[in-house]
Amino acid sequence: MQLKGVNKRYDAPGEQKVTVLQDIDITISEGEFVAILGPSGSGKSTLLRIIAGLVKASSGTVTYLGQPVVDANPGVSMVFQSFALFPWLTVLENVELGLRYHDLSSQEKHNRALSVIDMVGLDGFEGAYPKELSGGMRQRVGIGRALVMEPDILLMDEPFSALDVLTAENLRRDLLELWLERKIPTKSIIMVTHGIEEAVYMADRAVVLSRDPATVIADIKIPLPHWRERKDEAFTRLVDRIYSILTRTREMQEAILPTQHGQTRKYITLPQVPSGALTGFLELLDDLAIKSDLYKLADELMFELDDLLPIVEAAQLLGFATVSQGDISLTEFGKQFAAASVLERKELFRTQLKHHLPIFERIRWVLDSKRNRKMPREFFLEVIRKSVGTEAAEDQLDTIIDWGRYSELFAYDESSRVLYLEDEDPEEEAH
Ligand code: ADP
Ligand code: MG
């Protein structure tokens, strides 16, 4: 499977198009299990849909066995995060559905479905309906439906992220066993994930994407023999390395933003982190030590490493912390913040928002310019939508409002959905 110079742009309302994927070159060979990693919203699902032929690239070439992929790619089948089962069909019928376009007798379809059901551990549940099954069993059906087609390439889009920790682990092992012991004829697996550990546990190779737009920023071999132990040093070293790459992206992207006055600066996508979680995290870092290994920190907090990523990203983005080689430490500014009083913190936070994120200056400017110092949420939504697309804009604005309210840069009234400036203006006091 080969992607060369693949670009994907989506139309956004307004004059701008949003570039989601940029110059993607990836080749996947027979025998490989490749994980595609990247922050959420980076374009991983889009990339997978392009490979499956469900979405067209805007430019570049996508070939499978040397042939351009123009329609649904016949060599692949897909497992979805949301399982995507038909609730009115039984397990057997859902799995058989994978074969609906195959030229087989109904008896053959039936037999193939039964043997796959057996293989994915659903023996005895052939006649059950999805609602009778746990999440883990539903995903087994999803995997069964994909495998029954005997695809050359199995595509999986965050297949385990909707499951609880134990179920996910159980399913990872079972799938890996099918793959490693060649119980399935599948020749390659491409798995999209935002889980670094998951990638290092399962895959032979990790392709790491940046965001806004997604480019390939690293392509890393994972040469560890199976079965892998998460506590092994070689394992944690690889996780740390990928972690550093993912957190470094942000700095690189900021560095290339034009900063001169007068030029419009690009909208910087915010990690979805409530201000309270961020301040709590900074306090914790301050209490702990000078430097902390992120991997250990996640472990001690009983966090998935990936849940920590957005918080770390927010701390970096606002200049409160830096990450190098998997270790996080507070900056001078971060230390000052952790030690400050509640009011001082708000002021420090305000300074950082205005300094690092142009959108906050812009909102202030708009509100300041209005005689009634009010503006509907909808107005700013439109502004953000142009940069990040409709889907992400609401979440972005929620975070902006949360950070803005916390820092008292502006206020927000939920019932009228209006952003406004209060009469007592903290900015004026500061002057
Ligand atoms: P990921 O799977 O990495 O979370 P996606 O591929 O789902 O990311 O989305 C990447 C970006 O493309 C997001 O900003 C999303 O809003 C945008 N996007 C995805 N599909 C569409 C679409 N059909 N129209 C416009 N924008 C889209
Ligand atoms: Mg996705």
Does [X], at its [atom1] atom, have more than 12 non-hydrogen atoms belonging to other residues, nucleotides or ligands within less than 6.0 Å?
X      : atom1 : answer
Phe125 : CZ    : no
Trp365 : CH2   : no
Lys370 : NZ    : yes

Using only atom types and a distance under 3.5 Å, with no angle test, would you say the side chain of [X] pairs donor to acceptor with the backbone of [Y]?
X      : Y      : result
Asn94  : Leu89  : yes
Lys187 : Ser29  : no
Ser77  : Ala146 : yes
Arg145 : Gly142 : no
Glu132 : Tyr129 : yes
Arg49  : Val55  : no
Arg417 : Glu378 : no
Arg138 : Leu133 : yes
Arg405 : Phe410 : no
Asp232 : Ala234 : no

Which atom of [X] lies closest to which atom of [Y], heavy atoms considered:
X      : Y      : result
Leu97  : Phe86  : CD2-CE1, 2.9 Å
Gln22  : Pro213 : OE1-CG, 3.2 Å
Leu224 : Arg228 : O-NH2, 2.9 Å
Ala214 : Ile24  : O-CD1, 3.5 Å
Gly144 : Val95  : O-CG1, 4.0 Å
Met78  : Ala52  : CE-CB, 4.3 Å

Flag side-chain contact, heavy atom, 4.5 Å: [X] against [Y]:
X      : Y      : answer
Ile400 : Leu357 : no
Met1   : Val69  : yes
Ile51  : Ile26  : no
Leu318 : Phe333 : no
Leu21  : Ile50  : yes
Glu313 : Leu317 : no
Thr215 : Asp23  : no
Val141 : Phe83  : no

Interatomic spacing from [atom1] in [X] to [atom2] in [Y] - rounded to 0.5 Å:
X      : Y      : atom1 : atom2 : value
Leu278 : Glu283 : CG    : CD    : 10.0 Å
Met375 : Asp368 : CE    : CG    : 13.0 Å
Met202 : Trp179 : CE    : CH2   : 10.5 Å
Gln139 : Asn170 : CD    : CG    : 12.5 Å
Leu285 : Leu330 : CG    : CG    : 5.0 Å
Asp152 : Leu154 : CG    : CG    : 11.0 Å

Can [X] be said to sit on top of [Y]'s aromatic six-ring, NZ or CZ under 6.0 Å from centre and within 45° of the ring axis?
X      : Y      : value
Arg373 : Tyr420 : no
Arg230 : Tyr201 : yes
Lys8   : Tyr10  : yes

For the residue pair [X] and [Y], confirm or rule out a side-chain donor-acceptor distance under 3.5 Å.
X      : Y      : value
Asp402 : Ser275 : yes
Gln272 : Thr399 : yes
Thr331 : Thr322 : no

Review point. So, Lys221 and Asp204, do they make that salt bridge, N to O below 4.0 Å?
Key: no

Review point. So does Asp219 pair up with Arg205, basic N to acidic O under 4.0 Å?
Key: yes

Check your understanding: Should Leu309 and His194 be marked as a side chain to side chain contact (heavy atoms under 4.5 Å, CB included) after you check the CA-CA gap, both sets of side-chain angles, and the distance that decides it?
Key -> CA-CA 10 Å; Leu309 184 65; His194 62 262; over 6 Å; no

Point to revise | Geometric class of the Trp403/Phe360 ring pair [parallel <30°, tilted 30-60°, perpendicular >60°] | key: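 Parallel, since the angle between the ring planes stays under 30°.
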
**Study point:** Residue pair Ile222, Leu238: steps toward the side chain to side chain contact (heavy atoms under 4.5 Å, CB included) verdict
**Key:** CA-CA 8 Å; Ile222 306 172; Leu238 264 167; 3.8 Å; yes

Practice item. Would you sort out whether Ile190 and Ile36 count as a side chain to side chain contact (heavy atoms under 4.5 Å, CB included), showing the intermediate values? Key: CA-CA 7 Å; Ile190 306 174; Ile36 296 177; 3.6 Å; yes

Study note, to complete from the structure: Only residue of Asp413, Asp398, Val418 satisfying side chain to side chain contact (heavy atoms under 4.5 Å, CB included) with Arg377 is Asp398

Review point. With respect to Leu409, which candidate in Glu361, Lys346, Arg364 satisfies the side chain to side chain contact (heavy atoms under 4.5 Å, CB included) definition?
Key: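 That would be Arg364; it is the only one of Glu361, Lys346, Arg364 passing the side chain to side chain contact (heavy atoms under 4.5 Å, CB included) with Leu409.
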
Check your understanding: How far apart are the C-alpha atoms of Leu176 and Phe33, what are their side-chain angles, what is the distance that settles it, and do they pass the side chain to side chain contact (heavy atoms under 4.5 Å, CB included) test?
Key -> CA-CA 10 Å; Leu176 208 49; Phe33 186 149; 4.1 Å; yes

Practice item. Apply side chain to side chain donor-acceptor pair (under 3.5 Å) to the pair Ser59 and Asn7, showing each step before the final yes or no. Key: CA-CA 5 Å; Ser59 60; Asn7 289 289; 3.1 Å; yes

